[in-house]
> 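Supplied in structure tokens, the structure appears directly below.
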Amino acid sequence: MRVAIPTKNGRIDQQYSRATEFTVYEVEIELVKKKEIIPLGKTTVSDFLTEQDINAVICGKIRSSARNTLRAKRIELTYGVIGEADDVMIRYLSGERLGDIDENAYWRGREGLE
């Protein structure tokens with residue numbers, strides 16, 4: 001599973017649509033196997049998520065149009081979250097409820113699970 005968090009100076013960037021970089025965590029069996037900070041450059045956020053094969057996004061504020069894009073891509077979304085990206089990731093992996101969860105989105109490969 002790959003989780004993307006829009007970041008700025010190690011903290012969650014509160015404006016998802018204005019993010020210029022994402023911290024991407026590769027997770028296996030509830031452990032972070034790899035962490036990368038990836039600048040967007042001239043790539044759109046939507047294209048970036050597809051290119052990076054992202055399964056979940058954790059962010060602060062996000063517009064409804066961006067939420068709809070994530071739903072269409074079947075990317076899990078947790079929004080309304082603030083704090084240091086690494087701390088948030090630890091809390092996410094421990095199962096803590098962090099913010100609002102978009103219940104209409106789910107990970108690829110989990111179809112049929114509720």
> Gln52 versus Phe22: any side-chain heavy-atom pair under 4.5 Å?
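No, side chains not in contact.
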> Given side chains that start at C-beta, do those of Glu36 and Arg2 come closer than 4.5 Å, heavy atoms only?
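Of all side-chain heavy-atom pairs linking Arg2 with Glu36, at least one is under 4.5 Å.
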> Can any side-chain N or O of Arg63 pair as donor or acceptor with the backbone N or O of Ser17 at less than 3.5 Å?
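Not confirmed, Arg63 side chain does not pair with Ser17 backbone.
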> Would you indicate whether the side-chain heavy atoms of Leu70 and Tyr16 approach each other to under 4.5 Å?
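The answer is yes; the side chains approach within 4.5 Å.
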> Knowing that exactly one of Leu77, Val88, Ile82 qualifies, which makes a side-chain contact (heavy atoms from CB on, under 4.5 Å) with Cys59?
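Going through the options one by one, the only one that passes is Leu77.
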> For a 4.5 angstrom cut-off between non-hydrogen side-chain atoms, does Phe48 reach Ile38?
yes
> Are Val27 and Met89 side-chain neighbours, meaning at least one heavy-atom pair lies under 4.5 Å?
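In short, these two side chains touch, coming nearer than 4.5 Å.
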> Step by step, work out the side-chain hydrogen bond (donor to acceptor under 3.5 Å, both in side chains) result for Thr7 and Thr23.
CA-CA 6 Å; Thr7 54; Thr23 302; 2.9 Å; yes
> Distance check, rounded to the nearest 0.5 Å: Asp47 atom CG versus Leu49 atom CG?
9.0 Å
> To the nearest 0.5 Å, tell me how far Glu21 CD sits from Asn9 CG.
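If we round to the nearest 0.5 Å, Glu21:CD and Asn9:CG are 7.5 Å apart.
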> Checking the side chain of Gln14 only, and the main-chain atoms of Val81 only, is there a donor and an acceptor separated by less than 3.5 Å?
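Between the backbone of Val81 and the side chain of Gln14 there is a qualifying donor-acceptor contact (under 3.5 Å).
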> Group every Ile, Leu, Val, Met, Phe, Trp and Tyr by side-chain heavy-atom contacts under 4.5 Å, then state whether Met1 and Val32 land in the same group.
yes
> How far apart are the closest heavy atoms of Gly60 and Tyr79, and which atoms are they?
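Here Gly60 and Tyr79 meet closest at O-CB, 3.5 Å.
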> Distance from Ile12 atom CD1 to Glu84 atom CD, nearest 0.5 Å?
9.0 Å
> In Å and rounded to the nearest 0.5 Å, what is the CD1 to CD1 distance from Ile58 to Ile5?
4.5 Å
> First locate atom CD1 of Ile75, then atom OG1 of Thr69, and finally report the distance between them rounded to the nearest 0.5 Å.
9.0 Å
> Under a single-linkage definition using a 4.5 Å side-chain heavy-atom cutoff for Ile, Leu, Val, Met, Phe, Trp and Tyr, are Ile90 and Val3 assigned to the same hydrophobic cluster?
no
> Check this for me: Ile29, atom CD1, are more than 12 non-hydrogen atoms of other residues, nucleotides or ligands nearer than 6.0 Å?
no
> Looking at CG of Asn55 and NZ of Lys73, how far apart are the two atoms once the value is rounded to the nearest 0.5 Å?
12.5 Å
> Are Asp86 and Tyr25 close enough that some pair of their side-chain heavy atoms sits under 4.5 Å apart?
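Heavy-atom side-chain distance check passes, below 4.5 Å.
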